[in-house]
Amino acid sequence: MDTVAALHRPVLAWYSASARSLPWRAGDASAWAVMVSEFMLQQTPVKRVLPVYEEWLRRWPTPEALAKEPAGEAVRAWGRLGYPRRALRLHAAATAITEQHAGEVPRDHAQLLALPGVGEYTAAAVASFAFRQRHAVLDTNVRRVFARAVTGQEYPANATTAAERRTAATLLPDDPETAATWAVAVMELGALVCTARTPDCVRCPIAGGCAWRQAGSPPWEGPARRGQSYEGTDRQVRGKLLAVLRDAPGPVTQAQLDAVWADGVQRARALDGLVTDGLVEPVAAGVYRLPG
DNA sequence: GAGTCGTGGGA
DNA sequence: TTCCCAAGACT
């Protein structure tokens, strides 16, 4: 289909001219560096990732370096990025890479997918960005660009569909190197131009062929996207509890934890969840620490 | 498949 | 100010 190939040139040209200079995109960025960035970028804005990423790569330049440290150090160094289980999983992935892959991030997509914390998106992203392989990379940005440009809807559905995978596969350039650049280019287009709230169609290289624009930019009529209530949830309590652990040099007491949330029932439930997840370790009666 | 899991900044 | 949501994974 010429209509397919016709999308490639303008998007690739736009990316060449407009891409952000990000450390994990530098020519000397290792596969490990790419993997660290992908874990951190899951549901987290680039701006907040940057300083933590730099610190992590300086401190742990290889999977082996991270694997040598207690998981709690990874959790502490995660700082306030959010979803701290990612730190635990990244540490576990580093351990698996060290023990099962001779310290080298695997190039094989299936082996990547088998690592802790690596799902469909991250496996494709690492294989594509770090190893320049041909994979469809479907993140929230890409899904939104395709929903608009191809399907003519303002937003994609909540969960990735088979139709989206077909679309992504169809649009993927044949040449692996070109496919890898295409993947990051579409993602960048979604992040900078085809944004969720107020797309900047004036600067969009494919606005002329965008199905959503051609349809008059109709508003989203699908099911309401689920909101993320936060205030008063267990997640908020977990965050407060873990912040106490992160900010303390060593083990903390029950009293220190009790001080951050009034509801004892909810507080106990949240703490129990953190212990179950392996983010917190009981050391003695009423004493807790980050995992050793 | 729907719920859970943090955090903070921009519109 | 309030609300939306930002390169998902896992159960």
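Proteins get letters first, then strands, A, B, ... in listed order; numbering begins at 1 in each.
Ring orientation note: the planes of A:Trp182 and A:Phe146 are close to parallel, at an angle under 30° on the 30°/60° scale. Aromatic ring orientation, A:His135 versus A:His109: parallel (interplanar angle below 30°, classes split at 30° and 60°).
C:dC4 and B:dG6 have their C1' atoms separated by 15 Å, with the value rounded to a whole Å. Between the C1' atoms of C:dA7 and B:dA2, the separation comes to 23 Å (whole Å).
Taking atom CG on A:Leu41 and atom P on C:dA6, their separation rounds to 13 Å, with Å as the unit. Between the CZ atom of A:Arg269 and the P atom of B:dC5 there is a distance of 9 Å, rounded to whole Å. A:Glu38 has its CD atom 11 Å from the P atom of C:dA7, to the nearest Å. Here the P atom of nucleotide C:dA7 and the CH2 atom of A:Trp24 are 11 Å apart, to the nearest Å. Taking atom CG of residue A:Asp277 and atom P of nucleotide B:dT4, one finds them 14 Å apart after rounding to whole Å. We find that CD of A:Glu231 is positioned 11 Å from P of C:dC3, with the value rounded to whole Å.
Within 4.0 Å (heavy atoms only), A:Leu22 reaches at least one base atom of the nucleic acid. No engagement by A:Arg143 is indicated, since no non-hydrogen atom pair under 4.0 Å with the nucleic acid exists. Counting non-hydrogen atoms under 4.0 angstrom, A:Arg85 reaches a base of the nucleic acid. Residue A:Ala196 is in sugar-phosphate contact alone, with no base atom involved, counting any heavy-atom pair closer than 4.0 Å across all strands shown. The residue A:Arg20 sits close to a base: some heavy atom pair falls under 4.0 Å.
Among the nucleotides B:dC5, B:dG10, C:dA7, the one closest to any side-chain atom of A:Asp234 is B:dC5. Listed nucleotides B:dC5, C:dG8, C:dC5 differ in distance to A:Gln42; the shortest reach to its side chain belongs to C:dG8.
Counting atom types as modelled, A:Thr140 pairs no side-chain N or O with a base atom of C:dG8 as donor and acceptor under 3.5 Å.
Nearest-nucleotide assignment on DNA chain C puts the 5′-proximal partner with A:Ser37, out of A:Ser37 and A:Leu115.
Interatomic distance, A:Leu172 CG to A:Thr167 OG1, rounded to the nearest 0.5 Å: 12.0 Å.
Contact record, A:His91 with A:Glu69: NE2-O, 2.6 Å, taken as the closest heavy-atom pair. A:Arg148 approaches A:Thr195 most closely through the heavy-atom pair NH1-O, 2.8 Å.
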